[in-house]
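To start, the structure itself, in structure tokens.
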Amino acid sequence: MSHTREQGRRTRHRRLRKKVTGLPERPRLCVFRSHNHLYVQLVDDVAGKALCGWSTKDERLKHLKRGGNLDAAKELGALVAADAVKRGVTRVVFDRGGYVYHGRVKALAEAARAGGLQV
């Protein structure tokens, strides 16, 4: 049986989610990557709630030409870190969503670390 790339990502994500859990004091920073944009959420898995979410479609990132490149990922990571620190969240568990820790996902995580989050 052949699997598509998306089915493989979902399988990896399910396997990853067995180990990664967001708590109220350390929520899960989950990433979804599309061709044109990045989406990030802070999730408390105990309460089953998304605390807040961001994407490259955000008004504060409208100056970017494209939302699906490394520059956009870096700016989104800095924005996530700044907003999370304002909310009192300094430690997060990084959920890469089944994607390889490379490229846009890595740039987002490193920018969030540089912005003050402990990822």
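Along the sequence shown, residues are numbered consecutively beginning with 1.
Not a single salt bridge (charged side-chain N to carboxylate O under 4.0 Å, His left out) links R12 to another residue, sequence neighbours left out. Not counting sequence neighbours, R87 has no partner by the side-chain hydrogen bond (donor to acceptor under 3.5 Å, both in side chains) test. With sequence neighbours excluded, the residues that form a side-chain hydrogen bond (donor to acceptor under 3.5 Å, both in side chains) with K57 are Y39. Evaluation of the side-chain hydrogen bond (donor to acceptor under 3.5 Å, both in side chains) rule for D71 yields no partner, not counting sequence neighbours. Q118 meets the side-chain hydrogen bond (donor to acceptor under 3.5 Å, both in side chains) test with R91; sequence neighbours excluded.
Under the 4.5 Å side-chain contact rule for hydrophobic residues, V80 and L64 share a cluster. A continuous path of Ile, Leu, Val, Met, Phe, Trp and Tyr side chains, each step under 4.5 Å between heavy atoms, connects F32 with V119, placing both in one hydrophobic cluster. Under the 4.5 Å side-chain heavy-atom criterion for grouping Ile, Leu, Val, Met, Phe, Trp and Tyr, V20 is not connected to V89 through any hydrophobic cluster. There is a path of hydrophobic side-chain contacts, each under 4.5 Å, that joins V105 to L42. Under a hydrophobic-cluster definition in which Ile, Leu, Val, Met, Phe, Trp and Tyr are linked whenever side-chain heavy atoms come within less than 4.5 Å, directly or via other members, L51 and V31 are assigned to the same cluster.
R26 contributes a side-chain N or O that, together with a main-chain N or O of V92, makes up a donor-acceptor pair within less than 3.5 Å. Of the possible donor and acceptor atoms, none in the side chain of T56 sits under 3.5 Å from a partner among the backbone N and O of H37.
Applying the salt bridge (Lys or Arg N to Asp or Glu O under 4.0 Å) test to every pair with at least one member in residues 31-50, sequence neighbours left out, gives these pairs: R17-D45, R28-D45.
Separation of atoms CG (L108) and CH2 (W54) is listed at 10.0 Å; rounding is to 0.5 Å. Note that CG of L38 is 13.0 Å distant from NZ of K74, once rounded to the nearest 0.5 Å. Between L61 atom CG and H63 atom NE2 the span is 6.0 Å, to the nearest 0.5 Å. The CZ atom of F94 sits 11.0 Å away from atom CG of L117, with the distance rounded to the nearest 0.5 Å. Atom CZ of R60 sits about 9.5 Å away from atom CG of L76, to the nearest 0.5 Å.
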Would T21 and V93 count as a side chain to side chain contact (heavy atoms under 4.5 Å, CB included) here? Give the steps.
CA-CA 7 Å; T21 304; V93 179; over 6 Å; no
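Around NE2 of H102, the count of heavy atoms belonging to other residues, nucleotides or ligands within 6.0 Å does not exceed 12.
D95 places a side-chain heavy atom less than 4.5 Å from the side chain of H13.
When all heavy atoms are compared, the tightest approach of L70 to A107 is CD2-CB, 3.7 Å. Counting all heavy atoms, side chain and backbone alike, A112 lies closest to A81 at O-CB, 3.5 Å. Residues A111 and A78 share a closest heavy-atom pair of CB-N, 3.8 Å. The two residues V46 and P24 have their closest heavy-atom pair at CG2-CD, 4.0 Å.
A salt bridge links E6 with R9: the distance from a Lys NZ or Arg NE/NH1/NH2 to an Asp or Glu carboxylate oxygen falls below 4.0 Å.
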